[in-house]
Amino acid sequence: MAFGWIDEQAAARRRAGLVRTLRPRPADSALLDLASNDYLGLARHPEVVEGAEAAARTWGGGATGSRLVTGTTELHTRLERELAEFCGFESALVFSSGYAANLAAVTALAPHGSLIVSDAGNHASLIDGCRLARGTTQVVAHADPDAVRKALGTHEGPAVAVSDTVFSVDGDAAPLAGLAQACREHGAGLVVDDAHGLGVLGAGGRGAPQAAGLAGADDVVVTVTLSKSLGSQGGAVLGPARVVEHLVNAARTFIFDTGLAPASAGAALAALRLLGREPERAARAREVATGLHARLTAAGLEAVRPDAAVVSVRAPSPEEAVQWAADCRAAGLFVGCFRPPSVPDGISRLRLTARADLSEEQIERAVRVIGGTRP
């Protein structure tokens, strides 16, 4: 029977407690949200919504084509210019998603004969970029510059090291300065995904590379998403102008994909400008994360100390993690639930996101619910 193997895999997932389901949310939910990536609380901010509305009224509902045909508007180039300036890079290129941006950066910068050194904790989009690239990939120990240095020392020719700046599972930060030094010793480039750093780390939320003193470096390329701190949709690659020009000519997820919808570009630009005026939002997101961690550990829970806005709480098993998250929902709290294969170490977790707009009362309420529903 065609696709008969799907039933076997479905049964295996059920036995392992790894079945995933979609849960459509209403426009106005009564749940306290600690599951989304809206770190700065901007997705529903009036200025961001108006930015989306104004762009849709001006440019229409869609980009109408690929970026190289009709999909580049003046709004896209304005967003690219201001995003590059904000983060401290020479140039930027906007994509329809952060996933597409990562595929573009890795595949276009790792040609045949090159070496990609990839952190074991990298996001799936970076992993998929490595799989699609023509270069050879070597996976190394998590957050270990010496392991990167050793891998690069085995190769002659073009090479890049690839890493998240803030890892999405536990919220720990990569040692960017050490990674950059290891790459420079071997003439390699550094490609980092700052999806969870932009808007949270760096001066006024300018990102982890800016905080590490790497912004604008000619050997560093950064990818970001517009769908987390900026409350919109889409992604971008930041780096030297010659790298961006190369992506325009070589990155398949840029050349063959429809451009980012104008509404998303308008929302992201409005959020970026708002963050520029209110840089304290970044510090508040970090403060909320630290407060969550302190209260959770004081309550006897095993929580990982956050380096940005992600707080991870260990669960005994995949089944208990799912039930724990469901019990939190029943008590009015929406939390994330990470299980294998989404977690590289096989340890299931509740994943909490600290938002800059959370009040102290909401933080206390969240800790009470999580502690009161623990397995």
Side-chain angles (χ1 to χ4, degrees), residues 87-91 93 98 101-170 172-197 201 207-224 237-247 250-253 307 344-345:
C87 296
F89 286 87
E90 186 178 13
S91 191
L93 191 65
N102 274 343
L103 293 184
V106 178
T107 57
L109 297 176
H112 181 75
S114 65
L115 173 68
I116 311 166
V117 181
S118 178
D119 188 288
N122 277 344
H123 187 263
S125 55
L126 290 176
I127 294 171
D128 287 351
C130 293
R131 290 170 175 170
L132 290 170
R134 294 175 181 266
T136 300
T137 299
Q138 183 171 341
V139 179
V140 296
H142 177 55
D144 188 344
D146 285 335
V148 172
R149 183 177 287 107
K150 182 177 179 180
L152 291 173
T154 66
H155 178 76
E156 292 185 6
V160 292
V162 177
S163 176
D164 287 1
T165 64
V166 177
F167 294 90
S168 61
V169 173
D170 277 336
D172 56 317
L176 294 186
L179 293 177
Q181 179 59 35
C183 289
R184 286 166 180 167
E185 291 172 10
H186 294 278
L190 177 62
V191 177
V192 294
D193 177 4
D194 201 33
H196 299 278
L201 300 179
Q210 192 269 349
L214 299 177
D218 61 7
D219 55 355
V220 175
V221 173
V222 176
T223 63
V224 297
V237 178
L238 312 172
R242 65 192 182 103
V243 169
V244 168
E245 182 181 357
H246 173 68
L247 295 182
R252 294 175 66 84
T253 54
D307 287 328
D345 56 9

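Only this structure's heavy atoms are used, side chains among them; waters, hydrogens and symmetry mates stay out.
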Asp218: what forms a salt bridge (charged side-chain N to carboxylate O under 4.0 Å, His left out) with it, not counting sequence neighbours? none
Contacts of Ser118 meeting side-chain hydrogen bond (donor to acceptor under 3.5 Å, both in side chains) (sequence neighbours excluded), chain-then-number -> Asn122
Give a yes or no answer on whether the side chain of Glu90 reaches the backbone of Gly239 with a donor-acceptor pair at less than 3.5 Å. no
Those residues at least two apart in sequence (or on a different chain) that pass side chain to side chain contact (heavy atoms under 4.5 Å, CB included) with Ser114 are Ala110, Pro111, Pro158
Holding to side-chain hydrogen bond (donor to acceptor under 3.5 Å, both in side chains), I want the full list of residues that pass it with Arg252, two or more places apart in sequence or in another chain. none
Does Phe167 have any ring pair (Phe, Tyr, Trp, His ring centres under 6.0 Å) partners at least two apart in sequence or in another chain, and if so, which? His142
Among residues at least two apart in sequence or on other chains, which ones pass side chain to side chain contact (heavy atoms under 4.5 Å, CB included) with Ala215? Phe89, Gln210
Tell me whether Asp119 contacts the main-chain N or O of Ser163 through its side chain, where contact means a donor paired with an acceptor under 3.5 Å. no
Those residues at least two apart in sequence (or on a different chain) that pass salt bridge (charged side-chain N to carboxylate O under 4.0 Å, His left out) with Asp170 are Arg314, Arg349
Return the minimal non-hydrogen interatomic distance between Ala161 and Val148, and the atom names on each side. CB-CG1, 3.9 Å
His186 meets the ring pair (Phe, Tyr, Trp, His ring centres under 6.0 Å) criterion, sequence neighbours left out, with none
Going by side chain to side chain donor-acceptor pair (under 3.5 Å), name the pairs with one or both residues in residues 150-161, residues two or more places apart or in two chains. none
Any idea which heavy atoms bring Asp194 and Gly207 closest together, and the distance? OD2-CA, 3.2 Å
In a table with atom names and distances, give each donor-acceptor pair under 3.5 Å that connects a side chain of residues 174-181 to protein atoms at least two apart or in another chain.
unit_1, atom_1, unit_2, atom_2, d
Gln181, NE2, Glu185, OE2, 3.3

On a heavy-atom basis, the closest approach of Leu103 and Gly129 is CD2-N, 3.4 Å
With sequence neighbours excluded, what pairs up with Asp193 under the side-chain hydrogen bond (donor to acceptor under 3.5 Å, both in side chains) test? Asn102, Thr223
Among residues at least two apart in sequence or on other chains, which ones pass side-chain hydrogen bond (donor to acceptor under 3.5 Å, both in side chains) with Arg184? Asp219
